[in-house]
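Input: a single structure, listed below in structure tokens.
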Protein chains: 2
Amino acid sequence: MRASRQVREAVERALKAAGLPPLDWYDALWEIEQAPEGIRPNALETRLLLPQYGLSRLIARLVEAGYVARGPSPGDGRGQLLHLTDAGRAVRRAMWPVYGAALTRTFAGTRAESEAARLAALLKGLTGEGRPPQPPIA
Amino acid sequence: MRASRQVREAVERALKAAGLPPLDWYDALWEIEQAPEGIRPNALETRLLLPQYGLSRLIARLVEAGYVARGPSPGDGRGQLLHLTDAGRAVRRAMWPVYGAALTRTFAGTRAESEAARLAALLKGLTGEGRPPQPPIA
DNA sequence: TCCATGTAGATGCAGTTGCATCAATATTGG
DNA sequence: CCAATATTGATGCAACTGCATCTACATGGA
């Protein structure tokens, strides 16, 4: 718990210092970007492992910021389809170097650095297996 | 991040279901209990890796719940000395089985279970080394 | 001694979270 | 076809967080 909080706070501080949105936004923007055909909130929910109400409000913030557009969900009047806007793509891209640099700084020099793959494997088992790897490179 | 959130939420749910206080309280109660001569908030701050205002308010809640008593700090009129009350000891003790059981459930059957020591070592490097192990057994 | 600076801890405010619940649409069994 | 139930997503409320700032006491130097 301590480790994850330390890491998260380091990343959050770096993003804030760079005038960028908080960390949660990154994952959400990334997942939405991966679905050019649009993605529905309930699908995001399982991918991001967020509670329903949390995601609902996160989306509201992203929409208000102009990073995400809501559209109707074909064939289901309850749902909606989310798409990334150009601004959304731009900010996600801008976030990555800052995010990555903060991570690098945190891990540099620790045992976890050389054994990252092993650490990731161990932790992945805890998330209920769930989702595919999250490869946020470019 | 996902792994730690999953674990934390599982523990929080278990504690709440048992009518017990949230997880943060456990660590704080534990650390205070370890210092029968009393401990000062600023010392707790470094042990718990909490921000100053967060700890200040956590202590306020613990005091209001009757689990912690504030006393004057000898030789420093600004400070205070915290002690656990009997109720505090009791609730900390009551929390542990629930806490532990939730952890066991989360780790059971994962690779992390058999490699707990390795995982702990990797993660510990990330917390800035900091503190001694946190052995909340009895 | 007095002032400048440093440290301990508290707090107002705005934003976020968890919980419970709601409205709207979908689906299913009779 | 309709009523019962399930699913999707939103929201009021109370609690909690981060940030900036504040008060009170402490300490060091002129």
Side-chain angles (χ1 to χ4, degrees), chain A residues 1 4-6 8-28 32 38-65 68-83, chain B residues 1 4-6 8-28 32 38-65 68-83:
Chain A
M1 303 307 325
S4 71
R5 193 174 55 210
Q6 295 285 106
R8 187 177 48 74
E9 283 174 359
V11 174
E12 295 283 18
R13 268 194 306 273
L15 288 170
K16 179 164 293 197
L20 291 167
L23 182 48
D24 313 22
W25 292 35
Y26 186 89
D27 281 354
I32 298 171
I39 188 167
R40 293 187 48 179
N42 65 16
L44 265 185
E45 203 177 313
T46 41
R47 294 182 79 70
L48 295 175
L49 299 177
L50 282 177
Q52 182 270 321
Y53 54 81
L55 182 59
S56 174
R57 294 202 255 227
L58 175 54
I59 292 170
R61 275 172 247 147
L62 293 172
V63 169
E64 202 205 328
V68 167
R70 293 189 219 253
S73 176
D76 190 338
R78 298 165 299 182
Q80 52 190 255
L81 259 194
L82 306 175
H83 294 271
Chain B
M1 302 306 326
S4 71
R5 194 174 54 211
Q6 294 285 106
R8 186 178 49 74
E9 283 173 0
V11 174
E12 295 282 20
R13 268 194 306 273
L15 288 170
K16 179 163 294 196
L20 292 168
L23 181 49
D24 312 25
W25 292 34
Y26 186 88
D27 282 354
I32 297 172
I39 188 170
R40 294 188 48 179
N42 65 16
L44 266 184
E45 203 177 314
T46 40
R47 294 183 77 73
L48 296 174
L49 297 178
L50 283 177
Q52 181 270 322
Y53 54 82
L55 181 59
S56 173
R57 293 203 255 226
L58 175 54
I59 291 171
R61 283 183 290 248
L62 293 173
V63 169
E64 201 205 329
V68 168
R70 292 189 220 253
S73 176
D76 190 339
R78 296 166 301 182
Q80 51 191 255
L81 258 196
L82 306 175
H83 293 271

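Numbered from 1 within each chain, the chains take letters A, B, ... in sequence-line order.
- As judged by a 4.0 angstrom heavy-atom cut-off over every strand, B:Glu12 is placed among residues making no nucleic acid contact.
- With hydrogens and angles ignored, a donor-acceptor pair under 3.5 angstrom links the side chain of A:Gln52 to the base of D:dA10.
- When the side-chain nitrogen and oxygen atoms of B:Asn42 are compared with OP1 and OP2 of C:dG9, one or more of them lie within a distance under 4.0 Å.
- As rounded to whole Å, 9 Å separates atom P of D:dA20 from atom OH of B:Tyr53.
- Contact between the side-chain N/O atoms of B:Ser56 and the OP1/OP2 oxygens of C:dA10 is found at a separation under 4.0 Å.
- Using a 4.0 Å heavy-atom cutoff across all strands shown, A:Arg13 reaches no nucleic acid atom at all.
- Heavy atoms of A:Gly77 sit under 4.0 angstrom from primed sugar atoms or phosphate atoms, though from no base atom.
- Note: CG (A:Leu62) to C1' (C:dG15) measures 15 Å, nearest angstrom.
- Residue B:Arg57 places a side-chain atom within donor-acceptor reach of the base of C:dG12, judged by atom type and a 3.5 Å distance cut-off alone.
- Using a 4.0 Å cut-off between charged nitrogen and carboxylate oxygen, A:Arg47 and A:Asp27 do not count as a salt-bridge pair.
- Comparing A:Glu9 and A:Glu45, the nucleotide of DNA chain D nearest to each residue sits closer to the 5' end for A:Glu45.
- Residue-level contact check: A:Gly79 touches the backbone only, with heavy atoms under 4.0 Å from sugar-phosphate atoms and none from bases.
- Close to D:dT17, at under 4.0 Å from its OP1 or OP2, lies no side-chain N or O of A:Arg8.
- Side-chain N/O atoms of B:Arg40 include none lying less than 4.0 angstrom from OP1 or OP2 on C:dT7.
- Between A:Lys16 and A:Arg78, the residue anchored nearer the 5' end of DNA chain D, judged by the nucleotide with its closest heavy atom, is A:Arg78.
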